[in-house]
Amino acid sequence: MMRTHYCGELNEQHIDQTITLAGWVHRRRDHGGVIFLDMRDRDGLVQVVIDPDTPEAFAQADKSRSEYVLKITGRVRNRYAGTENPNMPTGMIEVLGKDIEILAESETPPFPLNDDFTNVGEEVRLKYRFLDMRRPEMLERMRFRSKVTSKIRTYLDKHGFLDVETPVLTRATPEGARDYLVPSRTQPGSFFALPQSPQLFKQLLMVSGFDRYYQIAKCFRDEDLRADRQPEFTQIDIETSFLSDDDIMNITETMARELFDELLGVKFEPLQRMTYADAMRDYASDKPDLRIPMKLVDVADLMQNVEFKVFAGPAKDPKGRIVALRVPGGGAMPRSQIDEYTKFVGIYGAKGLAYIKVNDLAAGIEGLQSPIVKFIEPIVLELLQRVGAENGDLVFFGADKAKIVNDAMGALRVRVGHDLKLATCEWAPLWVVDFPMFEETDDGHWTSVHHPFTMPKCDVETLTSNPGAALSVAYDFVLNGTEIGGGSLRIYNMDMQKAVFKALGISDEEANEKFSFLLDALKYGAPPHGGLAFGLDRLIMLMTGATSIRDVIAFPKTKTAECLMTHAPAPVDAKQLRDLGIRVREKEKAAE
Ligand code: ASP
């Protein structure tokens, strides 16, 4: 070992000891005859002083620049009175450097690592990720991530879970995204798919009798990327046999509670369980941010006969929805802010944002300020009573197809709540349960809300006769408005699995072609089973307070799914393509 100590670990207990450090020059200062080197490694910084009494060391220090890699042997001593630095964990001491070896030189880094960092663009950071991660902030997040996975492994080991690896080169595992495909050389024209999740393999492990499985697994989904998505991401993937949905929620909830308690000192009360239907009704979201207590109130029944088409239309439309959002104290909101929120709901397809400011309820209609009051006069007071409006409040309205209203008003509720600092707590975890089995696509087909292996709450006949009404034994773990985990009991009966495929428009041939192994497994004694997966990256993002998922992944991809450092994806040479039996269409041809 080159070093005896890490920089950051030195303190007054080491005074007079001769130690050896190995690390990077964080900063070099020349104070007329004395050189100061702040040395940095994984554990922190320490100040090294080199004076001309040791001419060889001095010459090496003189040559050194930021980010040079040095091995330094020296003696730990107290700093002179008045030169201590209480802001630095090692600020009471320094090292008097006696011997310096330059292990590697460094060019001037593309961005300073020892200075104000705020102006460095993410592109540069990602291109030079290996330098970006020298920054303590990044290092700390990675260290935290490592602690989380280690604790999770310990917890799951203790509860009898076996860590099993499942293949990365496989067949499609449908989770609702596009697959990443890998061409086969040995079977030209055929492709592997990278797993969207280990879903089917973990179910098969249950059929094998493994009883409790986990894996910290890479998953691959080729989707349009948003701030909190990555094409490859990590799941804490779990499956169990012979447990109820309650049991599974309890085991995984306890794991999450222990993590938060041990790593952040945050204690969660036992999690509330909210049905999907209630979540949609009150929060217009299946992942409600319960830090914000405001609820939406349905008012379509009052609007049936109003003159105002914007309300009367959706009120009569069976697929329409009208909700009101009472913002306590929102009456003080300036017009410009309301305009900004109007733009915001526009992102979700809302055509406008009606509002009423409640100045003085006792004055009746006169006490209201709003462009729409005159159109809904006959019902406005009943309306305000229903939403519980008080003087000084503002009430927003969303009226449109239910999907648009839910997306727009669900997001507005959270946005306004945070803008007006209405959050009542820092952490709001909950389970959302009783999801529908299916949702309707724009072209009138059914797709799975979770995945096609999710157990319905009803029998085969009920499912077949009215798929839209079927609920599933599925549960999502939601934290602060983000879904960080989700799972379900699975179908372990062939007839039910076939009925679900059928409802999804998957023919017997297609089911046999794609999932024959699963259907086979269901013939040979499949136990009742179920599980869940947590998104590790999102969990770490929330726990560390990072604003982007990219900040908690060592080597992430950009929003256009590129790695700016390795330049992946990249063209390959013609020979490789030939071996794979692939010809790339020229751009012009592809565009035809
Ligand atoms: N495979 C599911 C997913 O990736 C999780 C589960 O049902 O266990 O969302």
Side-chain angles (χ1 to χ4, degrees), residues 152 156 161-168 170-180 193-207 210-223 228-241 243-253 255-256 276 286-287 431-439 447-457 471-479 482-492 497 500 504 515 518 526-539 549:
I152 285 171
L156 291 171
F161 287 79
L162 302 183
D163 176 8
V164 183
E165 288 176 82
T166 55
V168 167
T170 177
R171 287 200 70 151
T173 356
E175 296 279 0
R178 226 178 265 124
D179 288 319
Y180 274 100
L194 303 182
Q196 290 186 31
S197 79
Q199 185 61 37
L200 291 172
F201 289 104
K202 67 174 173 173
Q203 291 190 227
L204 295 173
L205 289 172
M206 296 304 107
V207 178
F210 278 52
D211 201 67
R212 290 182 180 206
Y213 141 97
Y214 86 96
Q215 181 181 192
I216 298 192
K218 271 291 175 78
C219 302
F220 306 85
R221 297 183 192 179
D222 186 3
E223 355 189 42
D228 60 347
R229 296 254 167 110
Q230 279 282 303
E232 59 178 298
F233 61 96
T234 309
Q235 281 188 345
I236 305 156
D237 196 40
I238 290 173
E239 196 72 9
T240 65
S241 299
L243 295 185
S244 66
D245 48 341
D246 265 348
D247 296 331
I248 297 169
M249 282 188 265
N250 286 337
I251 290 188
T252 51
E253 175 178 328
M255 180 175 90
Y276 171 89
D286 60 1
K287 38 181 188 300
W431 289 104
V432 177
V433 298
D434 290 354
F435 279 82
M437 273 298 282
F438 307 110
E439 63 193 351
T447 78
S448 296
V449 169
H450 277 95
H451 49 61
F453 318 107
T454 305
M455 172 113 84
K457 283 197 139 172
L471 296 181
S472 61
V473 196
Y475 31 80
D476 274 3
F477 191 114
V478 175
L479 179 60
T482 302
E483 179 213 322
I484 55 166
S488 59
L489 294 188
R490 325 297 184 187
I491 297 166
Y492 61 100
Q497 188 62 70
V500 168
L504 291 168
F515 305 116
L518 175 71
H529 61 289
L532 155 149
F534 282 104
L536 179 66
D537 313 286
R538 283 195 209 169
L539 179 68
I549 206 166

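For ligands, and for the atoms within them, numbers begin at 1 and follow the listed sequence. The first residue of the sequence shown is numbered 1, and numbering continues consecutively from there. Bear in mind that the values here come from a model prediction, so they are computed numbers and not experimental data.
In terms of polar-atom proximity, defined here as any N/O pair under 3.5 Å, Arg221 does make such a contact with ligand 1. Checked by distance only, ligand 1 and His451 come closer than 3.5 Å through their nitrogen or oxygen atoms. Checked against a 3.5 angstrom limit, the closest N/O atoms of Ser197 and ligand 1 fall inside it.
Ring-plane geometry between Tyr276 and Phe435 is classed as tilted, the angle between the planes lying from 30 to 60 degrees on a 0 to 90 degree scale.
When hydrogens are left out, the protein atom nearest atom 5 (C) of ligand 1 is Gly486 O, 3.4 Å; that is the closest non-hydrogen contact. Scanning all protein heavy atoms for the shortest distance to atom 9 (O) of ligand 1 gives Glu175 OE1, 3.7 Å. With respect to atom 7 (O) of ligand 1, the closest heavy atom belonging to the protein is Arg490 NH1, 2.7 Å.
Note: Thr482 OG1 to Ile549 CD1 = 9.5 Å, rounded to the nearest 0.5 Å.
Contact annotation: for Glu483 versus ligand 1, there are no heavy atoms closer than 4.0 Å. When heavy-atom distances to ligand 1 are checked against a 4.0 Å cut-off, Gln196 has no atom that comes that close, whether in backbone or side chain.
Residue contacts with ligand 1 include Lys202, since one of its heavy atoms falls under 4.0 Å from the ligand. Assignment of Glu239 to the shell around ligand 1 is not supported, since no heavy atom sits closer than 4.0 Å.
Counting non-hydrogen atoms of neighbouring residues, nucleotides and ligands closer than 6.0 angstrom, the OH atom of Tyr492 reaches no more than 12 such neighbours.
When all heavy atoms are compared, the tightest approach of Ile248 to Gly531 is CD1-N, 3.9 Å. Smallest separation of non-hydrogen atoms from Gly530 and Tyr475: C-OH, 4.5 Å.
Applying the side-chain hydrogen bond (donor to acceptor under 3.5 Å, both in side chains) criterion to Ser197, with sequence neighbours excluded, gives Glu175. With sequence neighbours excluded, the residues forming a side-chain hydrogen bond (donor to acceptor under 3.5 Å, both in side chains) with Ser244 are Asp247, listed by chain and number.
Side chain of Lys202 to main chain of Ile238: a donor-acceptor pair is present (N/O by atom type, distance under 3.5 Å, no hydrogens or angles).
Less than 4.0 angstrom separates some heavy atom of Gln235 from each of these atoms of ligand 1: 3 (C), 4 (O).
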